[in-house]
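Here's the structure we're looking at; comments come further down.
Model, not experiment: these values are computed from the prediction. This chain uses plain numbering: 1 for the first residue, then up along the sequence.
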Amino acid sequence: MNEFKCLFSLRIARQLIEEGFSLVDVEPARKGRGLVFLFENTSEFQQALARALKAKNA
């Protein structure tokens, strides 16, 4: 498993931060405009991310 997970969605990043996951870093996107949000990639994080993405698409 990769050490970090990169997210491009501010809304999903905020939701995960509210759930208690720590933001490791914020970097400018390499392609195009915007930001990349880096989180530590743990099994708990993966589960929370899956729930957040499922809720977004529901």
Side-chain angles (χ1 to χ4, degrees):
M1 187 179 303
N2 293 335
E3 187 176 354
F4 299 106
K5 181 70 176 178
C6 299
L7 299 178
F8 297 95
S9 170
L10 175 60
R11 187 180 70 75
I12 298 292
R14 282 184 176 163
Q15 183 176 345
L16 293 168
I17 291 167
E18 288 176 7
E19 290 186 29
F21 294 96
S22 297
L23 186 63
V24 175
D25 199 5
V26 178
E27 298 178 356
R30 292 183 182 157
K31 293 183 179 180
R33 297 181 353 194
L35 298 171
V36 177
F37 306 93
L38 288 106
F39 289 88
E40 186 176 350
N41 196 12
T42 63
S43 59
E44 294 85 9
F45 176 81
Q46 287 293 325
Q47 293 171 357
L49 178 59
R51 286 191 307 271
L53 293 173
K54 184 176 180 181
K56 177 184 175 187
N57 294 328

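Here the straight-line distance linking atom CG of L16 with atom CZ of F37 works out to 11.0 Å at 0.5 Å rounding. Atom CG of N41 is separated from atom SG of C6 by 9.5 Å, given to the nearest 0.5 angstrom. In this structure, CG in L7 is found 12.0 Å from CG in L35, a value given to the nearest 0.5 Å.
Among residues two or more places apart in sequence or in another chain, the ring pair (Phe, Tyr, Trp, His ring centres under 6.0 Å) test is passed with F39 by F45. For R11, the side-chain contact (heavy atoms from CB on, under 4.5 Å) partners are S9, Q15, K56, not counting sequence neighbours. With sequence neighbours left out, the salt bridge (Lys or Arg N to Asp or Glu O under 4.0 Å) criterion links E40 to no other residue. For R51, the side-chain contact (heavy atoms from CB on, under 4.5 Å) partners two or more places apart in sequence, or in a different chain, are E19, Q47, A48.
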Could you go through residues 22-34 and list every donor-acceptor pair under 3.5 Å that involves a side-chain atom there, pairing it with any protein atom two or more places apart or in another chain?
none

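By the criterion of side-chain heavy atoms lying less than 4.5 angstrom apart, applied directly or through intervening Ile, Leu, Val, Met, Phe, Trp or Tyr residues, L53 is grouped together with I17 in one hydrophobic cluster. Using a 4.5 Å cut-off between side-chain heavy atoms of Ile, Leu, Val, Met, Phe, Trp and Tyr, with links allowed through other members, F21 and L10 fall into the same hydrophobic cluster.
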